Amino acid sequence: DTGVSQDPRHKITKRGQNVTFRCDPISEHNRLYWYRQTLGQGPEFLTYFQNEAQLEKSRLLSDRFSAERPKGSFSTLEIQRTEQGDSAMYLCASSLSGATGELFFGEGSRLTVL
Amino acid sequence: SQQGEEDPQALSIQEGENATMNCSYKTSINNLQWYRQNSGRGLVHLILIRSNEREKHSGRLRVTLDTSKKSSSLLITASRAADTASYFCVYMEYGNKLVFGAGTILRVKS
């Protein structure tokens, strides 16, 4: 069990560019969550997968954001035409359905949009 | 806002003192969890309390839950400098969506 890993850990990009983050959950976990966290705030829910199915999306997830989990294992979060307001820490977490809902978090991917 | 509310926003105490953080939420819940986040890092699960429980202990942690008031508290006893972190309550709305509070920043001075 290597835990939840996220890549890249840091990304600096120019406004208007596309960025993609990857999350590898704990192997036996079938639920995967994406959260966004800005400085001084708690994580805000973005989206959630059970296996490969995206079951819920936040209204925060504009049309520029898309998340996939094609084979029910790793997930990607893509942000198109980045804006300065997208600068944040993007956190991925996984859990096991049928359990208590305890989340196991990765270390996050920090995005800075210049 | 989708977030619950926590107070205080920040708490500064001396090593050895107890720290109490409170959380309020808005909906019916399955359970409520507390997480810790060290600066710039991921979050770590501390303790979970189910909606039919009123109090739970884990080491130096004590959590209470009052569903009639939609509130919870986290008590850390005999605090240590290593407890310095942000603490978040997280509740599960029906539908498996986990919602975070705004967090309490705890600083323990040695």
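Order of the sequence lines fixes the chain letters, A, B, ..., with proteins taken first and strands second; residue numbering starts at 1 for each chain. Just so you know, these numbers come straight off a predicted model, no measurement behind them.
By the 6.0 Å contact criterion, CD on E52(A) is enclosed, its count of non-hydrogen atoms from other residues, nucleotides or ligands being greater than 12. Summarising the local packing, CZ of R9(A) is surrounded by more than 12 heavy atoms from other residues, nucleotides or ligands at distances under 6.0 Å.
Taking the salt bridge (charged side-chain N to carboxylate O under 4.0 Å, His left out) definition, one finds that R22(A) meets it with D24(A), sequence neighbours left out. Partners of L114(A) by side-chain contact (heavy atoms from CB on, under 4.5 Å), not counting sequence neighbours, listed by chain and number: I12(A), T112(A).
Interface remark: Q37(A) contributes side-chain atoms only to the contact with chain B (heavy atom separation under 4.5 Å). Proximity to chain B is absent for every atom of F104(A), based on heavy atoms less than 4.5 angstrom apart. For Q9(B), no part sits under 4.5 Å from any heavy atom of chain A, backbone or side chain.
Smallest separation of non-hydrogen atoms from G42(A) and F88(B): CA-CE2, 3.3 Å. Taking every heavy atom of both residues into account, L91(A) and G42(B) meet most closely at CD2-CA, 4.5 Å.
A side-chain contact (heavy atoms from CB on, under 4.5 Å) with L98(B) is found for exactly one of Y48(A), F45(A), Y33(A), namely Y33(A).
Side-chain atoms of Y35(B) come within 3.5 Å of backbone N or O of L103(A) as a donor-acceptor pair.
Cluster annotation: F49(A) is not connected to F74(A) through the hydrophobic network of ILVMFWY side chains, with a link wherever side-chain heavy atoms come within less than 4.5 Å. Placement of I105(B) and W34(B) in two distinct hydrophobic clusters is found when ILVMFWY residues are connected by side-chain heavy-atom separations under 4.5 Å, directly or transitively.
Summarising the geometry, atom CZ belonging to F105(A) is positioned 14.0 Å from atom CZ belonging to R41(B); distances are rounded to the nearest 0.5 Å.
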